Amino acid sequence: QVQVVESGGDLVQPGGSLRLSCAASGNIFSIYGMGWYRQAPGKQRELVAGITNDGTIKYVSSVVGRFTISRDNAKNTVYLQMNSLKPEDTAVYYCNGAPRVFDWGQGTQVTVSS
């Protein structure tokens, strides 16, 4: 019954930056690979960035060079630093295991618009 809570989403202009945070109800980030997912209107949810329990990081091609995933196991928190945001990044962002192992949280809305 692990619960994850995402935060940090906001309305931001193109080219802006946001940092998303994901806090979990248990000490899970040292055990499981974690990822950030997003779901845009009318689109399927996709894995944007993942970090394994060994520290290996992968990104979907569209965010390479712009997004950075990291984790702080002591704080039981995973982050997604998003720079150079584009309108196509607009979505609800979720964190979960990578691959998914937990129930979905509420997510946090990121809107990139002028």
Side-chain angles (χ1 to χ4, degrees):
Q1 294 302 122
V2 171
Q3 294 178 317
V4 294
V5 179
E6 303 93 344
S7 63
D10 206 349
L11 171 65
V12 65
Q13 293 183 339
S17 297
L18 288 172
R19 187 179 69 169
L20 307 184
S21 298
C22 173
S25 61
N27 184 16
I28 63 172
F29 297 120
S30 64
I31 301 172
Y32 300 98
M34 296 296 296
W36 282 96
Y37 302 74
R38 68 185 180 189
Q39 187 167 27
K43 301 291 186 180
Q44 290 291 112
R45 185 160 19 212
E46 67 171 345
L47 178 65
V48 176
I51 180 167
T52 71
N53 55 4
D54 293 328
T56 301
I57 295 173
K58 292 291 180 65
Y59 301 98
V60 68
S61 61
S62 60
V63 308
V64 170
R66 300 189 298 119
F67 290 12
T68 303
I69 188 172
S70 62
R71 65 185 185 188
D72 187 332
N73 292 338
K75 294 182 177 180
N76 208 25
T77 303
V78 62
Y79 304 96
L80 185 68
Q81 178 67 47
M82 305 186 295
N83 299 324
S84 302
L85 283 162
K86 304 176 179 179
E88 50 262 47
D89 296 318
T90 295
V92 179
Y93 284 72
Y94 305 85
C95 66
N96 211 305
R100 184 190 67 81
V101 291
F102 311 121
D103 292 338
W104 296 109
Q106 186 175 3
T108 186
Q109 176 71 51
V110 172
T111 302
V112 185
S113 176
S114 298

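Source: prediction; values computed, not measured. All residue numbers in this chain count up from 1 along the given sequence.
Within the 4.5 Å cutoff, the side chain of Leu20 has heavy atoms near those of the Met82 side chain. By the 4.5 Å heavy-atom criterion applied to side chains, Asn53 and Arg71 are counted as neighbours.
Residue pairs meeting the salt bridge (charged side-chain N to carboxylate O under 4.0 Å, His left out) criterion with at least one member in residues 41-53, sequence neighbours excluded, are Arg38-Glu46. The salt bridge (charged side-chain N to carboxylate O under 4.0 Å, His left out) pairs that include a residue from residues 8-20 number zero, where partners must be two or more places apart or lie in different chains. Residue pairs meeting the salt bridge (charged side-chain N to carboxylate O under 4.0 Å, His left out) criterion with at least one partner in residues 51-67, sequence neighbours excluded, are Arg66-Asp89.
Here the straight-line distance linking atom SG of Cys22 with atom CH2 of Trp36 works out to 5.0 Å at 0.5 Å rounding. Atoms CG and CD1, on Leu80 and Ile51 in that order, are 11.0 Å from each other to the nearest 0.5 Å. Atom OG of Ser7 is separated from atom OH of Tyr93 by 15.0 Å, given to the nearest 0.5 angstrom. Expressed to the nearest 0.5 Å, how far CD1 of Ile57 lies from CZ of Phe67 amounts to 14.5 Å. Atom CD of Gln81 and atom CD1 of Ile69 lie 12.5 Å apart (nearest 0.5 Å).
The backbone N or O of Gly35 lies less than 3.5 Å from no partner atom in the side chain of Asn96, so there is not a single donor-acceptor pair. A distance-only check finds a donor-acceptor pair linking the side chain of Thr90 to the backbone of Val112 [under 3.5 Å].
The minimum heavy-atom distance between Ala24 and Val4, with the atom names listed, is CB-CG1, 4.1 Å. Of all heavy-atom pairs spanning Ser17 and Ser84, the tightest one is OG-N, 4.3 Å.
Clustering ILVMFWY residues whenever any of their side-chain heavy atoms sit less than 4.5 angstrom apart, transitively, puts Val48 in the very cluster that holds Val101. Hydrophobic clustering (ILVMFWY, side-chain heavy atoms < 4.5 Å, transitive): Val5 and Val110 are in distinct clusters.
Under a 4.5 Å side-chain heavy-atom cut-off, the cluster of Ile, Leu, Val, Met, Phe, Trp and Tyr residues that includes Tyr94 is completed by Tyr37, Leu47, Val92, Trp104.
Looking at residues two or more places apart in sequence or on another chain, you find a side chain to side chain donor-acceptor pair (under 3.5 Å) between Thr111 and Gln109. Partners of Phe102 according to the ring pair (Phe, Tyr, Trp, His ring centres under 6.0 Å) rule, which considers only residues two or more places apart in sequence or in another chain, are Tyr32.
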